[in-house]
Amino acid sequence: MAKNVIINGVTYENVPYVNIPMVKAVPEDPDFAKFVDTDSGTAVSSDLRSGRKAWVQGVEITGSVPAKSASDISVSGKTVTVPAGVYDSAANKSIADGTVTPKATLSGDELGETQTDYPVTAAPSASVSAGYVSGNKNGTSVTRYIQVEEKTATPSTAAQDITPSSGKLLKKVHVNAVNMTASATEADVLNGKTFFSGSLTRRTGSATVPVVSQDSTTKVLTIS
């Protein structure tokens with residue numbers, strides 16, 4: 001900082017520094033010694049690169065800040081550590097890219113590997129925001145239910161297929177009862193003819209019907 005100085009009774013204002021002739025030890029030495037006012041200095045050793053020197057308020061100080069480079073930067077997980085120091089150029093360190101592998105797990109006693117017309121599909125997806133991802137992350141469970149229904153059937157003389165409505169599975173089929181009350185016995189049914197009794201047991205009739213014949217000449221009826 002410029003100062004006002006007095007030399008031989010003469011005042012010189014705003015003098016930045018003073019050159020004073022010096023005795024040369026060797027011819028290569030400079031002709032003048034340069035004196036600069038250092039009272040305005042505020043730096044300390046932690047402000048200067050290690051090994052560098054400066055004068056502050058008439059005292060020589062030596063820098064203590066180490067020189068650093070990109071090789072001094074370390075990465076651990078999502079933490080990047082940049083040591084304090086002087087960097088002569090821009091330094092960077094990359095965080096390794098992670099991977100996200102979505103998957104879905106289906107569970108249930110009614111689910112299996114055999115292909116049917118009633119699939120239950122779970123589409124895996126993952127929403128990944130920008131940033132470091134570590135460890136396994138479990139998503140939110142989503143439950144969907146197979147829709148079921150009950151149906152009623154009445155026995156018939158023809159075969160019946162009881163099928164579910166579109167998009168549903170049959171939980172239960174109720175078969176209406178059929179009135180099987182029967183009083184016929186084998187003696188009530190013609191011989192050789194079959195029938196089912198009230199217990200659904202197959203039986204064969206034994207009843208016979210008299211055969212009536214008439215002689216064409218005498219007109220006599222014969223019952224056998």
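We're numbering straight along the sequence, starting at 1. Just so you know, these numbers come straight off a predicted model, no measurement behind them.
Annotation: Gln115, atom CD; neighbour count of heavy atoms from other residues, nucleotides and ligands within 6.0 Å does not exceed 12. More than 12 non-hydrogen atoms from other residues, nucleotides or ligands lie less than 6.0 angstrom from CG of Leu221. Enclosure of atom NZ in Lys93 by more than 12 non-hydrogen atoms of other residues, nucleotides or ligands within 6.0 angstrom is indicated.
Side-chain contact of Thr222 with Gln214: a donor-acceptor pair under 3.5 Å is absent, judged by distance alone. With hydrogens and angles left out, the side-chain atoms of Asn176 and Thr154 include a donor and acceptor closer than 3.5 Å.
Rounded to the nearest 0.5 angstrom, Arg202 CZ and Ser197 OG are separated by 12.0 Å.
Across Phe195 and Glu186, no two heavy atoms sit closer than the pair CZ-N, 3.7 Å. Between Pro164 and Lys151, the shortest heavy-atom contact is C-NZ, 4.1 Å. A pairwise comparison of heavy atoms in Asn4 and Asn14 identifies OD1-N, 2.8 Å as the closest pair. Asn92 and Ala70 get closest at one heavy-atom pair: O-CB, 4.1 Å. When all heavy atoms of Ile73 and Ala91 are compared, the closest pair comes out as CD1-CB, 3.7 Å. Between Ala153 and Ile162 the shortest heavy-atom distance is CB-CD1, 3.7 Å.
For the side-chain hydrogen bond (donor to acceptor under 3.5 Å, both in side chains) test, no residue two or more places apart in sequence or in another chain qualifies with Lys219. Shown here are the side-chain hydrogen bond (donor to acceptor under 3.5 Å, both in side chains) partners of Thr181, two or more places apart in sequence or in another chain: Asn179. Contacts of Lys24 classified as salt bridge (charged side-chain N to carboxylate O under 4.0 Å, His left out), with partners at least two apart in sequence or in another chain: Asp31. A search for side-chain hydrogen bond (donor to acceptor under 3.5 Å, both in side chains) contacts involving Ser64 returns nothing, not counting sequence neighbours.
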Pairs of donor and acceptor atoms involving the side chains of residues 47-55, under 3.5 Å and at least two apart or interchain, shall be tabulated with distances.
{"from": "Asp47", "atom 1": "OD2", "to": "Val44", "atom 2": "N", "distance (Å)": "3.0"}
{"from": "Arg49", "atom 1": "NH1", "to": "Asp88", "atom 2": "OD1", "distance (Å)": "2.7"}
{"from": "Arg49", "atom 1": "NH2", "to": "Asp88", "atom 2": "OD2", "distance (Å)": "3.1"}
{"from": "Lys53", "atom 1": "NZ", "to": "Thr62", "atom 2": "OG1", "distance (Å)": "3.0"}

Does the pair Ile20 and Phe35 meet the rule for a side chain to side chain contact (heavy atoms under 4.5 Å, CB included), with working shown?
-> CA-CA 8 Å; Ile20 299 176; Phe35 292 86; 3.8 Å; yes
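Leu111 forms part of a hydrophobic cluster together with Leu106, Tyr118, Val120, Ile146, Val148, Leu169, judged by ILVMFWY side-chain heavy-atom separations under 4.5 Å.
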